[in-house]
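Structure first, then comments.
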Amino acid sequence: MPIHLLPLLAPVVLIVAAVLIPAQRTITPRRAAWLAEGAGLVSLLVALTMPVILMVTGAGDGAAPGVLGHVIAVRVDVVSAVMLMLVAFIGWVVARYARTYLDGEAGQARFALWLLATLAAVQILVLSGTVVQFVGAWIATSLCLHRLLLFYPERIGAQRAAYKKFVTARLGDAALIGAALLLVAAYGTTQIAGILSAARLGEGGALAAAAAGFLALAALLKSAQFPSHGWLTEVMEAPTPVSALLHAGVVNGGGFLLIRFADVLLLSPLVLAVLVGIGGFTALFGGVVMLTQPTVKVSLAWSTVSQMGFMILQCGLALFPLALLHIVAHSLYKAHAFLSAGGAIERVAAQRRPGPVAVPGLRSVARAFGLAITIYGLVYLASGALIGFGAKSPQAVALGAILIFGVAYLLAQGLADAAPRALTRRTAQMSVLATVAYLALQRGAEWLTAGVLPPAPVAGPLEWALILLALVSFGAVAVAQSTLPLWAHHPAAQGLRVHITNGFYINAVEDRLLRVWSRPRARKGAAS
């Protein structure tokens with residue numbers, strides 16, 4: 001086997017294990033769970049060889065011989081290596097957690113089968129070297145995940161959420177198929193490497209620009225962007241391991257699609273502007289609604305909506321290396337958040353030691369934002385002078401400023417009049433550390449993906465307008481969040497909170513359009 005094709009062993013192991021579960025009619029649910037965990041571990045070990053393969057062979061494609069080479073190929077580069085290791089690791093952790101979480105469940109073997117199938121489909125997706133293989137794996141991922149969402153098929157809530165996800169996914173599939181057909185027509189090849197190389201030279205014309213639009217639409221639908229986000233906040237009827245797999249893995253497919261075809265997207269500045277607008281609005285919308293949710297898992301779901309919006313915003317600003325970094329960081333964080341949510345709630349409830357809360361005033365908030373921006377500027381200048389980080393694009397600088405607004409919120413707590421000095425010192429130290437860590441990770445992501453992902457283009461009038469709009473919007477929301485205790489008890493704010501908690505009823509409108517409230521039981525096998 002050519003060394004370029006060796007990474008395919010990772011999904012092959014999962015597929016073989018998935019086939020063995022129904023093939024062995026006498027297999028017990030517990031043994032099926034152990035088989036899934038073992039296959040996940042072997043797949044992870046194979047994935048960990050990707051950096052070695054990349055160093056030996058360099059970036060490139062390994063294609064099957066003959067006619068199959070137009071259908072099956074393995075794309076070996078930094079993006080596929082990072083994503084394969086991430087997916088394999090998250091998959092193994094979820095399989096290990098599910099083995100004990102679902103112990104005793106009648107459907108544990110069925111869960112193990114579809115978990116393995118979903119992980120295999122995602123791994124084939126991130127390794128795809130042709131658009132045909134990419135589309136096939138994209139669709140297979142959605143169909144396998146649908147079976148996991150219906151682990152409890154008798155629950156009406158699960159049926160409703162799965163059906164909404166199924167409809168949204170099919171629209172995304174249609175958009176991706178349209179994009180694939182346009183790309184093949186524009187470049188005359190199914191090989192992703194050939195498409196990206198030609199797009200990097202500015203070739204493709206109107207067909208490529210249209211393909212960029214369809215790629216963006218498929219990504220928006222896959223990553224639950226407004227107003228198609230409703231299904232993601234309603235899948236809590238599925239077991240916790242499914243939620244972890246979905247929010248930490250599968251939902252990132254939209255961002256991966258944009259990163260993989262970054263060179264094509266750069267051919268259409270209008271499409272990038274749309275991504276900035278929708279992604280930025282979704283990030284703000286999801287973040288605001290998240291703060292009003294009464295349950296942990298639903299709050300985490302709205303957090304995912306917001307984080308996916310921010311990832312789409314990064315892609316719209318053509319900061320593809322940072323979007324890849326965001327996928328890795330968010331996946332690890334969200335997997336841990338979902339799998340440890342129950343234990344965290346128990347620990348907090350056991351403490352029962354609420355202390356005084358330091359509420360920052362307007363003056364403290366103003367000082368916090370000024371100090372945060374000062375820290376960002378000083379660390380940025382110091383990193384360039386001492387470490388040689390070099391100049392950043394305006395898009396990257398603006399994105400850093402948006403993230404620094406979170407540091408300002410942290411500082412505001414420490415600068416409140418009632419805050420003890422120890423808290424003030426700790427928040428100042430953590431703010432500096434967070435700023436340094438962000439700039440270091442940003443530079444590391446750009447260095448790692450140099451030559452694979454395109455740099456951000458020179459900012460023109462459109463890009464500057466989008467940058468300013470993003471800064472003003474996120475800055476206003478950050479100020480509102482920092483001053484929340486000062487105005488949250490106002491009657492007008494209390495009334496607004498009801499509407500925010502319900503997500504301004506977008507889900508209800510979608511329910512009415514799809515008629516998911518009528519005959520839900522008739523739809524539970526919709527994807528079979």
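Start at 1 with the first residue, then count along the sequence. Model, not experiment: these values are computed from the prediction.
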OH of Y163 to NE2 of H146, rounded to nearest 0.5 Å, is 10.5 Å
Relative to the ring of W92, is the ring of F89 parallel (under 30°), tilted (30 to 60°) or perpendicular (over 60°)?
tilted
Nearest heavy-atom approach of S331 to N252 is OG-ND2, 2.9 Å
I'd like to check I90 versus K334 (side-chain heavy atoms, cut-off strictly below 4.5 Å). Are they in contact?
no
Of all heavy-atom pairs linking S228 and L220, the shortest is OG-O, 3.8 Å
### Message
Between L257 and F134, is the side-chain contact (heavy atoms from CB on, under 4.5 Å) condition met? List the steps.
### Response
CA-CA 9 Å; L257 171 65; F134 195 101; 3.6 Å; yes
Minimal heavy-atom distance between A137 and I124, with the atoms involved, is CB-CG2, 3.9 Å
Give a yes-or-no answer on whether the side chains of Y438 and Q442 include a donor-acceptor pair shorter than 3.5 Å. yes
message = For a 4.5 angstrom cut-off between non-hydrogen side-chain atoms, does L265 reach C315?
response = no
On a heavy-atom basis, the closest approach of A224 and V305 is O-CG1, 4.0 Å
Of all heavy-atom pairs linking V135 and I177, the shortest is CG1-CG1, 3.8 Å
Please examine the side chains of L6 and T49, heavy atoms only from C-beta on, and report whether any two atoms are closer than 4.5 Å. no
May I ask you to decide if W302's main-chain N or O and S306's side chain share a donor-acceptor pair within less than 3.5 Å? no
- Query: Is it true that a side-chain atom of Q123 and a backbone atom of A120 form a donor plus acceptor pair closer than 3.5 Å?
  - Reply: no
- request: Evaluate the side-chain proximity of V131 to F261: yes if any heavy-atom separation is below 4.5 Å, no if none is.
  value: yes
- Message: Counting only heavy atoms from other residues, nucleotides and ligands, does the tally under 6.0 Å from CZ of F214 exceed 12?
- Response: no
Rounding to 0.5 Å, atoms CG (L9) and OG (S43) come to a distance of 9.5 Å
- Return yes if some donor-acceptor pair links the side-chain N/O of T168 with the main-chain N/O of K165 below 3.5 Å, else return no. no
side-chain contact (heavy atoms from CB on, under 4.5 Å) for F474 and L403? Distances and angles first, verdict last. CA-CA 9 Å; F474 280 90; L403 293 175; over 6 Å; no
In this structure, CD1 of I259 is separated from CD of Q314 (nearest 0.5 Å) by 8.5 Å
More than 12 foreign heavy atoms under 6.0 Å from CZ of R110: is that the case here? yes
_Please check: side-chain N/O of S142 versus main-chain N/O of I139, any donor-acceptor pairing under 3.5 Å?_
no
Taking every heavy atom of P7 against every heavy atom of V76, the minimum-distance pair comes out as CG-CG2, 4.5 Å
How about I192 and L183: do any of their side-chain heavy atoms sit closer than 4.5 Å? no
CG (L270) and CG (L462) are apart, to the nearest 0.5 Å, by 8.0 Å
Q) Do Y376 and I373 touch side chain to side chain, with heavy atoms closer than 4.5 Å? A) no
Donor-acceptor check, side chain of S80 to backbone of D77, threshold 3.5 angstrom: yes or no?
yes
| request: Answer yes or no: is there a donor N or O on one side and an acceptor on the other, between the side chain of S223 and the main chain of Q225, under 3.5 Å? | output: no
OG1 (T449) and CG (L324) are apart, to the nearest 0.5 Å, by 7.0 Å
TODO: Would you please indicate if the ring centroids of H229 and F285 are separated by under 6.0 Å?
DONE: yes
Rounding to 0.5 Å, atoms CE (M308) and NE2 (H330) come to a distance of 4.5 Å
inquiry  = For Y187 and L207: C-alpha separation, side-chain torsions, deciding distance, then whether side-chain contact (heavy atoms from CB on, under 4.5 Å) applies.
reply    = CA-CA 9 Å; Y187 296 106; L207 288 176; over 6 Å; no
Check: Using the benzene-type ring in the case of Trp, are the ring centres of Y97 and F338 under 6.0 Å apart?
Finding: no
**Any side-chain donor near an acceptor of the partner, N507 and T233, under 3.5 Å** = yes
Q: Using a 4.5 Å cut-off on heavy atoms from C-beta on, say whether the side chain of R147 contacts that of T118.
A: no
**Report entry** K164 to W231, cation-pi by 6.0 Å centre distance and 45° axis angle
**Finding:** no
Derivation and outcome, side-chain contact (heavy atoms from CB on, under 4.5 Å), residues K222 and L176: CA-CA 10 Å; K222 187 75 167 183; L176 183 60; over 6 Å; no
Is there side-chain contact between L325 and L448, with heavy atoms separated by less than 4.5 Å? no
task: Could you tell me whether a side-chain N or O of Q395 sits under 3.5 Å from a main-chain N or O of P457, the two making a donor and an acceptor?
output: yes
